[in-house]
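Below is one structure, written out as structure tokens; the observations come after it.
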Amino acid sequence: EAGVTQSPTHLIKTRGQQATLRCSPISGHTSVYWYQQALGLGLQFLLWYDEGEERNRGNFPPRFSGRQFPNYSSELNVNALELEDSALYLCASKGRGKETQYFGPGTRLLVL
Amino acid sequence: AQSVTQLDSQVPVFEEAPVELRCNYSSSVSVYLFWYVQYPNQGLQLLLKYLSGSTLVKGINGFEAEFNKSQTSFHLRKPSVHISDTAEYFCAVTSSMGGRRALTFGSGTRLQVQP
């Protein structure tokens, strides 16, 4: 069984640009979570999608947004990039009615 | 809301020695608890979890953890570590009562296994 996949593995952008990160959950999983792991800030919850709907978001500004597609894959968009958005962005998926989140390898975003 | 405290930011230990990584949590509701491991330049891998039942849970790679509700702790242990266990370990908690269901993570403990 394939695990959670994320693309791209690395992304370099300049300040003010937009970044799009993608996540494919484990087959059969309906929930997707996004987390940011920034140096010195630890792992912070960004967004939760379930059955195509945004269910909750963490303490991040609106320029962090995303969506979940009918096949349950997800996209995270970060607009108006700032230097402090440089981080590893991790996606996790969870099965319906289950409690355990399984993580992908992450996308490392560098904003110059 | 929940919070997780991992008091030790770094734990150096010699190969084949036992290790304990400490995790304490705070929550006003019942919780589920997890330990994840992160190897350099990788994502998070699930080590073990406590959802209900026996308070002693066993995970992969010889790790185990004990849920102690009265002390609100979920310490991770391994009786004999290997060089390959060198990594960052994260304790995480989520509410068992529904709602956000996102994980709240501790700040991580870097385990450094020395030969």
Side-chain angles (χ1 to χ4, degrees), chain A residues 2-7 9-10 21 23-26 29-51 53-60 64 66 87-110, chain B residues 1-10 21 23 25 27 29-53 57-60 65 67 74 87-110:
Chain A
V4 178
T5 59
Q6 292 185 244
S7 63
T9 55
H10 293 80
L21 289 64
C23 172
S24 291
I26 291 170
H29 285 191
T30 58
S31 278
V32 169
Y33 295 79
W34 288 95
Y35 294 87
Q36 182 197 65
Q37 187 177 26
L39 204 61
L41 295 178
L43 281 150
Q44 298 184 77
F45 165 66
L46 262 168
L47 289 158
W48 170 30
Y49 293 95
D50 181 57
E51 303 280 1
E53 300 284 333
E54 181 180 306
R55 300 297 182 183
N56 216 318
R57 64 183 296 127
N59 189 25
F60 282 84
F64 286 84
L88 180 66
Y89 289 84
L90 292 165
C91 167
S93 74
K94 184 166 73 71
R96 186 182 289 114
K98 302 297 185 181
E99 306 304 332
T100 304
Q101 295 180 30
Y102 297 90
F103 285 79
T107 293
R108 191 165 295 280
L109 173 64
L110 178 61
Chain B
Q2 296 96 36
S3 66
V4 178
T5 302
Q6 291 181 248
L7 287 169
D8 305 304
S9 59
Q10 293 189 68
L21 305 184
C23 171
Y25 69 92
S27 177
V29 298
S30 297
V31 296
Y32 298 134
L33 293 154
F34 305 84
W35 275 99
Y36 288 88
V37 59
Q38 186 175 35
Y39 298 101
N41 300 312
Q42 293 188 28
L44 301 179
Q45 181 181 6
L46 179 70
L47 271 179
L48 49 76
K49 60 188 175 184
Y50 172 79
L51 304 181
S52 65
V57 292
K58 294 188 183 298
I60 62 171
F67 170 57
F74 190 53
E88 186 123 26
Y89 292 79
F90 292 94
C91 181
V93 64
T94 188
S95 167
S96 66
M97 305 296 288
R100 191 170 82 167
R101 295 302 182 114
L103 292 168
T104 299
F105 287 89
S107 55
T109 297
R110 186 169 300 278

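The sequence lines fix the lettering, A, B, ..., with proteins before strands; numbering per chain opens at 1. Atom set for the values below is all heavy atoms of this structure, side chains included, hydrogens, waters and symmetry mates excluded. Not measured: the values here are computed from a predicted model.
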Interface moiety of L46(B) toward chain A, non-hydrogen atoms closer than 4.5 Å: side chain
Student check: side-chain heavy atoms of Y35(A) and L44(B) closer than 4.5 Å: no
Structural part of Q45(B) lying under 4.5 Å from a heavy atom of chain A: neither
Heavy-atom proximity to chain B below 4.5 Å, by part of Q44(A): neither
Toward chain B, the part of L90(A) with a non-hydrogen atom under 4.5 Å: side chain
Atom CG of L39(A): over 12 foreign heavy atoms under 6.0 Å: no
Chain B contacts, top residue of V4(A), L43(A), L41(A) (heavy-atom pairs, under 4.5 Å): L43(A)
Part of L47(A) within contact of chain B (heavy atom distance under 4.5 Å): neither
Pairwise side-chain contact, V93(B) with F74(B), heavy-atom cut-off 4.5 Å (strictly under): no
Nearest heavy-atom neighbours spanning L21(A) and W34(A): O-CH2, 3.8 Å
Derivation of the side-chain contact (heavy atoms from CB on, under 4.5 Å) call for Y33(A) and D50(A): CA-CA 9 Å; Y33(A) 295 79; D50(A) 181 57; over 6 Å; no
